[in-house]
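The structure appears below as structure tokens.
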Amino acid sequence: MQAEVKQTDQEVKHAEHSEFVSFTVAGQAFCLKITQIREIRRWSPVTILPHAPADVLGVMNLRGAVIPIYDLSARFGLQQTEASERNVVIVVSVHGKPVGLLAESVSEIISINPDDIQDTPPVDSRNTMEYIQGIISHDDTMVRIINLDAVISAPEQVLP
Amino acid sequence: MSGSIQDTFFEECEELLEATDEGLTAIEGGDHDPEVVNAIFRAVHSIKGGAGAFGLDDLVAFAHRFETVFDEVRSNRLELDEKLIQLLLRSSDHLSALVEVARDGGEVDEAHHDTLLAALDEYIPEEEEDLTFEPMGLGGPAPVADLGAAPAAPAAPQEETYRIRFQPLKEMYGTGNEPFFLFQALKDLGDLTVKLDENELPGFDSMDMAESYLAWDLVLVTKETRSIVEAVFEFVEGLCELSIEGDGDAEAEANALAALDAMFSAPAEPDSGAAAVPFEPPAPAPQPEAKPAPAAEKASAPKAESGKQEQRSGPKPTLRVELERVDRLINAVGELIINHSMLAQQIANLNVSDTRDVETELEGFKNLARDIQEGVMAIRAQPVKPLFQRMARIVREASAATEKTCKLVNEGENTEVDKTVIERLSDPLTHILRNAVDHGIEKPEDREAAGKSRIGEIRLSASHRSGSVCIEIKDDGAGVNRPRVKQIAIEKGLIPENAELTDSEIDNLLFAPGFSTAKEVSNLSGRGVGMDVVKNAVTGLGGRINISSTPGKGSTFTIILPLTLAVMDGMVVSVADQTMVVPITSIVETMRGSDDMINSLGADGTLLSIRGNFVPICDVAGGLGLYRESDQQAGVYLLVETETGQRCALAVDDIHDQRQVVIKSLDGVCGEIPGVAAATILGDGKIAMILDPESIIAASPTAAAFDTERRMSNAS
């Protein structure tokens, strides 16, 4: 019984400081839990998928696997990113499949205490409410925590 | 534990049933070699043995009758006439069905079962029927004691006492053999005393559950000769340590023992003289005529033995491997090929003046990669023979249900095709063959009236044709009833009433969704699913299906399939600054177009004139919703032909190369994209879409409009 309590304590301690990777998309700061990210790559031109919606940029070759690349900015309803070599692709794993997300640039790794995460204040856009899990204040800027599962729906429903 | 043994049993059953089918087909073809009959007998007997061990009563009972009839045949007391052969074929089908039911559950067709049993019984002499075969589970050797309890009967003059030492190896239990049945068989020969020797049985803590520790000492008092006693152990030879000592002829016994030893220790030697000679029954005492069956079995026993040996040394050793492992290997090889072309491109980009040495090595790398690829593909490739054999059964069942007589002739059974292709071909082939019997082949009377043989012939052939596999189903029936097909299509609203169609267009209506010509729903075909399902299955495999038909002469279905699903030959083209791949199988011709070859038709329609023929042009870029950034015009045309025989010129910007590409499925990456079949990775590491010409044309307004236009103009 005591051992169990101890373990829970440790878990809490671990949870106290989760590490997040922050990056910018269309000039706004966002972040993802570091454990969700598989790798970060420099942008290279992708292969266009015919008849794809505007926020699906195309597919990329990731060591022999074909993975789709999403434009996060377009996904959030902001302007479409003019992708260049300065941009990065953040490879995450959603629903067990690798998916690439185009971001402007990666900023830093920040340590966040879960208590510091604030709920997303209600705004008009329902999409925003769904896509943003919460917000935190870091160095006087607002960083939005992305709800990955909401942003990237299950693979079958990606294309309407 | 019993689950895995049972799985092995069913796997073996598959092989045994295949052997049975093969043998029966040979007999049907006029090959009455006793060895063939023996092979079938052994196969059925093995199924019976295994089924007994698992308590599959129905299977055991049926296999027993079946086997008994074969026993009659192999001892030459039954003539293999046409009627019997047909019965045996049907019984073999039923045996397969019983095995399936035992494995997957489900219902046995009781009426059919009883009819066949009764029919088989007619061929079985009276006294054989008394022989009841009691199946039992893996209950252990407990009931043996009952056998031993039988008191020794007064000895008859010719009676002889055999002392048998029987010690099974653990492999024997693995094959589904049970000592109990052996003892029961021995008991039928005479008086048997059984004594269990459990001296080798270790204590519980050191006991290996899978090991065999038990041995039996048997004393048999019988009038039968030694060879009959030995025949009882026919199916466990090599799986046990066996010694049989007779009281009398010491000399003959020594000979026989030596022979036995020779046989068991060197089973790979086919037809060795040593094995054949001592099996001549050692001067049998005058035989009482009461039991003719075993006497005949004695005569055929040596043949059976040698045949078995032949079989054993015959097939090459094989290895069962999990499919997943092979697939992993295939994936890795695909990467290797891509990796090679990337390396080659990188070296070309290096700008080094002398790359000869590197290129030589690279060439070696390429050859090796190709060798490995071919080797790996060959692992997955399997002959279509088992599939074709199953189809023979489908045809027999369909013939029986429709009261028509048909025979299936197989050709090119050894053609090898990718395993997945074979698996997924089973349903379409079944459907086509059932249709061929149900709709294609006429009733015997009608056939006779038309001056054809009463027996309909369906020819199922497989062959390799320039990188693809061609499977043809050809019947000599009435051919497609075109007026009727057209009428139905009109009734179902598939075509306008005044449509004027060519013969081949009418034939292809069979593949239209929701089309079924069966006048009433028979239990054979016409369940509402039609040939469109067949077509979908074939296109799902990246293949094509065609039908051609001559009234009164029959129809031919041709299925063209890629050899493998992992790699294909493609033409690399560029469309709106994107590199794409078009499957080579769909391209008829490529040409560079000039302005004077292009003719406008209506507002947007354009036609390409090729040697006086006009073919609609379908712009790939437009069809895929892509826009050219540069001013470059689509100037190269790929002439493709759709399944309906419609031709269309796909306009692309340029053709680069023709090469083998590794197919990467887009499943799970994104949903279905119209016009795109899959993707591949090119030498520069970029992904290229593999196009599906069929769906591009279907989506293209020009080609589609042209098609209707032509139909309408034909109609007016």
Side-chain angles (χ1 to χ4, degrees), chain A residues 38-39 41-72 74-75 80-85 87-102 148-149 151-160, chain B residues 328 330-342 566 574-581 619-629 661-692 695-696 699-700:
Chain A
R38 285 174 54 164
E39 63 180 287
R41 301 169 64 93
R42 202 157 44 134
W43 162 265
S44 59
V46 295
T47 304
I48 295 169
L49 277 176
H51 303 297
D55 53 5
V56 178
L57 289 165
V59 285
M60 186 182 82
N61 170 16
L62 182 75
R63 287 184 298 278
V66 179
I67 67 165
I69 309 293
Y70 292 83
D71 180 359
L72 271 184
R75 196 83 176 160
Q80 233 169 307
T81 313
E82 280 294 325
S84 75
E85 284 232 345
N87 299 138
V88 290
V89 172
I90 303 169
V91 182
V92 295
S93 179
V94 198
H95 311 289
K97 299 257 179 193
V99 168
L101 305 171
L102 174 69
L148 209 50
D149 289 341
V151 174
I152 311 296
S153 46
E156 282 73 29
Q157 296 139 26
V158 167
L159 286 182
Chain B
R328 273 209 298 274
I330 286 182
N331 273 338
V333 173
E335 295 306 316
L336 190 66
I337 289 170
I338 292 167
N339 197 253
H340 165 263
S341 45
M342 286 168 92
S574 60
V575 176
D577 305 319
Q578 294 274 326
T579 310
M580 299 193 175
V581 179
D619 184 38
V620 176
L624 294 176
L626 301 173
Y627 299 98
R628 291 183 180 82
E629 280 174 27
V661 296
V662 179
I663 301 171
K664 296 270 174 187
S665 167
L666 283 172
D667 285 351
V669 173
C670 56
E672 199 173 304
I673 307 169
V676 175
T680 186
I681 298 175
L682 296 177
D684 56 2
K686 288 248 185 64
I687 294 171
M689 298 291 141
I690 299 175
L691 299 180
D692 175 10
S695 79
I696 291 179
S700 151

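Quick note on labels: first sequence line is chain A, next is B, and so on, each numbered from 1.
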Salt bridge (Lys or Arg N to Asp or Glu O under 4.0 Å) partners of B:D692, counting only residues at least two apart: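 Counting only residues at least two positions away or on another chain, B:D692 forms no salt bridge (Lys or Arg N to Asp or Glu O under 4.0 Å).
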Set of salt bridge (Lys or Arg N to Asp or Glu O under 4.0 Å) partners for A:R38, sequence neighbours left out: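 In terms of salt bridge (Lys or Arg N to Asp or Glu O under 4.0 Å), with neighbours along the sequence ignored, A:R38 is linked to no residue.
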Shortest non-hydrogen contact between B:K686 and A:P45, atoms and distance: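 Taking every non-hydrogen atom into account, CE-O, 4.1 Å.
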Atom of B:Q578, atom of A:T47 and distance for their closest heavy-atom approach: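 Closest approach of B:Q578 to A:T47: OE1-CG2, 3.6 Å.
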Side chain / backbone / both / neither for B:I681 at chain A, heavy atoms under 4.5 Å: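 Side chain only.
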Which atoms of A:I67 approach chain B - backbone, side chain, both or neither, heavy atom under 4.5 Å: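 Answer is backbone: N, CA, C or O of A:I67 sit under 4.5 Å from chain B.
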Evaluation steps, side-chain contact (heavy atoms from CB on, under 4.5 Å), between B:V676 and A:H51: CA-CA 10 Å; B:V676 175; A:H51 303 297; over 6 Å; no
Chi angles and distances behind the side-chain contact (heavy atoms from CB on, under 4.5 Å) call for B:M689, A:L49: CA-CA 8 Å; B:M689 298 291 141; A:L49 277 176; 3.4 Å; yes
